[in-house]
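Written out below as structure tokens is the structure these notes cover.
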Number of protein chains: 2
Amino acid sequence: MKRVTIVDVARSAGVSPAAVSLALNKPSRLSPETVERVRETARVLGYVPNPHALALVQKRAGAVGVLVPQTISETFANPYFAEFLRGVGAGCEEKGLSLQLVPPREGSVEKAVSIAPVDGFLVVGLSEEHPGAKPLSRRGVPFVVVDGDAEKAPSVNCDDEGGAYAAARFLARRHRKILVLGFPRSSGGRERFVWGVEKRRLRGYRRALEEYGITWTADSVTASAVSPEGGEEAFARAFDRLSRAGRRPTAVLAASDATAFGVLRAAGRMGLRIPEDLEVIGFDDVPFAAFCNPPLTTVRQPIEEKGRVAAELLLGLLEEEDRPVAEARLLPARLVLRGTTV
Amino acid sequence: MKRVTIVDVARSAGVSPAAVSLALNKPSRLSPETVERVRETARVLGYVPNPHALALVQKRAGAVGVLVPQTISETFANPYFAEFLRGVGAGCEEKGLSLQLVPPREGSVEKAVSIAPVDGFLVVGLSEEHPGAKPLSRRGVPFVVVDGDAEKAPSVNCDDEGGAYAAARFLARRHRKILVLGFPRSSGGRERFVWGVEKRRLRGYRRALEEYGITWTADSVTASAVSPEGGEEAFARAFDRLSRAGRRPTAVLAASDATAFGVLRAAGRMGLRIPEDLEVIGFDDVPFAAFCNPPLTTVRQPIEEKGRVAAELLLGLLEEEDRPVAEARLLPARLVLRGTTV
DNA sequence: GGTTGTCAGTAAAACGTTTTAACGGAGGAG
DNA sequence: CTCCTCCGTTAAAACGTTTTACTGACAACC
């Protein structure tokens with residue numbers, strides 16, 4: 001049951017451990033017959049090098065970490081994330097890197113960061129100023145910020161504000177009572193999304209609405225978990241409350257497709273016809289936005305490309321130590337009209 | 001730019017490296033004032049322990065690997081996988097474990113297995129007899145087989161054959177020309193899915209169809225990539241070919257929801273009405289099956305639960321070395337009728 | 001006063017590799 | 001015959017931790 005190590009192979013083949021290492025990694029520096037003998041011995045014994053020892057000595061683990069601010073379960077509730085990972089995977093695979101998903105450990109992002117045996121991080125949905133970001137630089141591994149706001153670190157984002165503005169404008173022309181669904185609040189005590197993606201999207205919504213004379217107040221935006229269930233529940237509750245107050249909304253701006261799907265479900269359950277009784281616009285254009293019933297009007301961003309770009313940026317950082325500048329990539333976002341708007 | 005190590009802290013605090021380690025991990029074995037001084041020094045210097053060294057000495061990396069037989073990108077093209085990971089994540093998080101996605105490295109599953117710095121593997125979609133499975137036992141880390149077939153190793157599956165049988169029976173009562181869509185063939189040269197999940201689902205389809213007198217031949221099943229795009233393309237091509245031959249299908253059995261989504265799209269493009277002109281049944285019941293247009297009739301399996309069960313099995317293996325028996329968990333699968341069947 | 005015990009802290013081994021520098025022997029050049 | 005070079009191989013250092021066993025020092029006990 002004990003693992004076979006390099007010294008076992010060495011002993012069995014009658015050579016030194018160094019010779020085994022060379023035979024396996026730099027065969028040209030050994031006589032062909034020795035190489036052959038050592039390799040055969042290793043094969044017979046079933047030798048597999050210990051990855052931890054390897055990582056320690058070569059200072060690389062062959063994996064990049066994807067740091068997410070929520071649990072894995074919450075994270076994948078949003079199909080956006082799977083699509084994003086497809087891009088990351090595509091970017092990493094050519095270099096033979098694995099992907100490690102790193103959720104907070106016992107609620108602490110810092111702890112998770114320090115423990116994860118990875119060569120670099122893709123930080124998604126976190127601000128550079130976030131307390132969890134500090135250990136990152138201490139860890140001494142490079143990182144790229146995605147869907148956050150970074151000044152000094154390289155980052156990848158889409159034009160959240162512009163996309164949101166277009167969506168809101170499209171609705172504000174014909175509606176006065178627009179329900180805006182945002183991201184969750186104070187999950188874990190800290191207001192996680194007051195900056196970053198949400199801040200920008202809300203800013204876009206607000207700008208458009210105000211241009212059309214719709215006043216924006218503190219409670220203009222309704223918090224919602226980023227999942228169909230979250231959207232369903234948040235919409236149902238808010239719609240009910242507003243209807244009672246005589247301000248029944250006729251359109252919805254959802255800050256995420258995942259949320260919008262929930263809105264559609266809730267609306268269906270309540271007997272609202274879409275888009276006649278209620279227009280809905282999501283954000284992201286995840287693959288299934290085009291498939292749902294009716295097909296979702298949404299703001300399209302190149303999710304998969306975003307992942308690939310982020311991975312490429314990080315790989316660049318991994319190879320050249322001394323990349324000085326903080327490159328900030330901005331990807332486009334544009335409104336695509338489908339069946340949930342007239 | 002150099003990382004601060006434990007000896008830096010030790011030197012700076014005027015103690016031995018051992019004392020630093022104790023101060024951080026077993027503070028009770030040191031005087032309170034020393035502990036405080038060391039911790040303060042560590043904080044000021046920004047010390048973060050090296051995860052590789054930690055993993056080497058404690059023989060645990062704090063991560064479990066999810067071994068997939070395709071690229072990350074291909075894997076996440078099937079929404080099934082994200083849902084599965086939600087369960088795995090839920091199972092792992094309470095123990096504070098990260099998740100590492102391990103795709104084949106340079107086409108070799110073996111290489112990927114030996115390099116990944118993880119404490120155990122969830123092997124999805126691979127047979128125990130698969131060449132890639134051998135290095136697993138050599139690695140000396142425990143593993144659980146999911147969606148494969150294992151005799152000696154612990155495994156988790158759903159009742160693929162039973163679910164498929166139910167679906168096929170439901171159609172065979174009213175249809176004679178049923179198109180069966182399977183998994184991709186010979187990707188990478190080896191016929192990856194002739195066993196395991198596909199074998200069982202096809203067996204279920206076949207049994208039902210033959211009971212209704214529909215003959216099953218070598219070309220009864222059409223290969224399809226497990227993604228909407230794959231399903232779209234495979235269906236369009238097969239439908240065309242069969243129509244020309246005067247055997248235009250009136251129903252489709254898709255071995256996966258992801259494929260079925262593609263069928264719906266292709267059918268829509270071709271002007272086929274669903275379910276009037278074509279009935280479709282998928283498999284898995286991914287979250288969006290209920291949302292698509294029309295809602296997909298499919299075979300439901302408890303995907304998220306499957307992930308959780310697999311994680312729990314693996315965690316058990318990680319804790320108790322000497323768990324002898326190969327537990328094989330079988331989860332239920334049942335047909336749920338929605339809008340793509342009459 | 002010797003034995004025993006506890007306490008705070010340390011030296012050194014261990015984990016399993018890679019890599020650097022050195023070594024001995026053989027062969028060739030002078 | 002000596003010196004130099006080359007070749008195949010090895011000893012030992014390095015990576016950064018944790019852990020085990022040990023060392024003094026000091027107090028307590030009989």
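Each chain gets a letter, A, B and so on, in the order its sequence line appears, and its residues count up from 1.
Applying the ring-ring contact (aromatic ring centres under 6.0 Å, His included) test between Phe76(A) and each of Phe84(B), Phe81(B), Phe76(B) identifies Phe76(B) as the sole match. No option in Val35(A), Leu22(A), Val38(A), Thr34(A) other than Val35(A) meets the side chain to side chain contact (heavy atoms under 4.5 Å, CB included) test with Pro27(A).
Between Thr34(A) and dG8(D) there is no side-chain polar atom (N or O) within less than 4.0 angstrom of OP1 or OP2.
Closest approach to the Arg29(B) side chain among dA11(C), dT10(D), dA21(D) is made by dA21(D) (side chain taken as heavy atoms from C-beta onward). The side chain of Lys26(B) lies closest to dT19(D) when the candidates are dT20(D), dT19(D), dG8(D).
Annotation: the terminal axes of the helix from dG1(C)-dC30(D) to dG30(C)-dC1(D) meet at 70°, where each axis is the rotation carrying the C1' atoms of four end pairs onto the next four (5 pairs per end, rounded to 10°).
Looking at heavy atoms from C-beta onward, Cys92(A) lies in side-chain contact with Val64(A) at the 4.5 angstrom threshold. For the pair Ser155(B) and Asn157(B), the minimum side-chain heavy-atom distance is below 4.5 Å. Here the side chains of His52(B) and Leu54(A) are not in contact, with every heavy-atom distance at 4.5 Å or above.
Per the geometry, CG belonging to Leu22(A) stands 11 Å off P belonging to dT20(C), to the nearest Å. Distance, Leu24(A) CG to dT19(C) P: 13 Å, rounded to whole Å. Note: CG (Leu30(B)) to P (dT18(D)) measures 13 Å, nearest angstrom.
The closest donor-acceptor contact from the side chain of Thr41(B) to the backbone of Arg37(B) lies under 3.5 Å. Looking at Gln100(B), its side chain never comes within 3.5 Å of a backbone N or O of Val118(B) through a donor-acceptor pair.
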Protein proximity profile, nucleotides 12-17 of chain D - base contact B, sugar-phosphate-only contact S, no contact -, cut-off 4.0 Å on heavy atoms: ---BBB

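Classification of Glu93(B) and Lys95(B) as a salt-bridged pair fails, no side-chain N sitting under 4.0 Å from a carboxylate O.
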